[in-house]
Amino acid sequence: MRLLAILAPSLLRTPLRCSARVAIQIRLPAARALNTTAQPAPADKDCYLQPLKDADTGITVLNLSRAKAKNAISVKLLTEFREALQEVQFDGITRVLILRSVVDGVFCAGADLKERATMSPSQVSQFLYNLRQAFRDLEALSVPTIAVIDGAALGGGLEMALSCDIRVAGEDAKIGLTETKLAIIPGAGGTQRLPRLIGVGKAKELIFTGKILDSMGAHEYGMICHYLMDVTCHELNIKYSSLSVLLGIVNHSVQGSSFEKALSIAREILPTGPVAIKMAKQALDKGAQTDINTGLEIEQAYYAQVIPTEDRLEGLKAFKEKRAPVYKGR
């Protein structure tokens, strides 16, 4: 029996709290998902616009096309991204913007850490300022924006998607804010937009642990409000305890003692950067009580405190050397 598993208000006769910026997973016939294939990328372009034609005139696709680096956000890609947004804002044609990757298996891997390792602290700050401005520009576009998440959307890649009005997640989606594993915190709106979408408690866990979710996990965390799947009535055994998880009352629902689950979460937090965790907590706690613009300024202030740390440099060094980092909390 084919069912559409939707967490609907009628399940508990309680309204579902859901952000205006929602995420959905849909499965459509391939020919209907998008009636065009990506045009070849212009020479030397990592990011480019593709206006659709005929019956789809008014829809513009913003393609991420930096295959060699899994669409990692470099200075060049960021510059092209901002230029594309400016063009969309003033072209007088675009009515809907679709943001997607034309690189198989990835939406956006986040910031280009190899490039980041060559930057001075002041250059890092300048890059982050431009990145925040780009995502604010995306968020503030006068037309609806849709992020198509096929593959990995990590760190800045997820922050990009969170800046869109709607997120569509494929079955191979992998999403997460993984910055604390590099002894930094999300620096382009993640500590502000994520808790506004799924609640502070769930956002804290995802940021503190750097956990990567698949599309079903994203559904359970509230980043995807609808999830389409094939199940039988027997398999669709939704219990009140699991509904409380979906509604954000608790982070997890387990059988038996909850201590082991609490311990496993603590073990996930341990390997991350200690200073980053402190700064992330401050940014989340203080930013969640303010408007988005003030929250972004709070995030920027706390990010500035992780830039001069030894742990941040250790994170970059460990990434380059392909080993586990050893953080000292300084």
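For clarity, every value in this text was computed on a predicted model and none was experimentally measured. Worth knowing before you read on, the calculation uses all heavy atoms, side chains too, and leaves out hydrogens, waters and symmetry mates.
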salt_bridge(Arg193, Glu159) N-O dist < 4.0 Å: no
Gly295 to Thr290 - nearest heavy-atom pair and separation: N-OG1, 3.2 Å
Check: Arg167 side chain, Ala161 main-chain N or O, donor-acceptor pair, under 3.5 Å: yes
Rounded distance (nearest 0.5 Å) linking atom CG of Asp46 with atom NZ of Lys76: 3.5 Å
Which atom of Ala280 lies closest to which atom of Ile207, heavy atoms considered: CB-CG2, 4.0 Å
Any donor-acceptor N/O pair, Asp150 side chain to Ser101 backbone, under 3.5 Å: no
Linked, directly or transitively: Leu194 and Ile269 (ILVMFWY side chains, under 4.5 Å): yes
Distance-only polar pair, side chains of Arg196 and Gln192, donor-acceptor under 3.5 Å: yes
Passing candidate, side chain to side chain contact (heavy atoms under 4.5 Å, CB included) with Leu99, options Asn63, Leu64, Val61, Val148: Leu64
Pairwise distance CD(Glu299) to CG(Leu128) - rounded to 0.5 angstrom: 9.0 Å
Joint cluster assignment, Leu141 & Leu296, ILVMFWY side-chain distance < 4.5 Å: no
Heavy-atom donor-acceptor pair, Thr145 side chain to Asp165 backbone, under 3.5 Å: yes
Presence of salt bridge, Arg82 and Asp137, under 4.0 angstrom: yes
Exceeds 12 heavy-atom contacts within 6.0 angstrom, atom CD of Gln123: yes
Exceeds 12 heavy-atom contacts within 6.0 angstrom, atom CG of Asp104: no
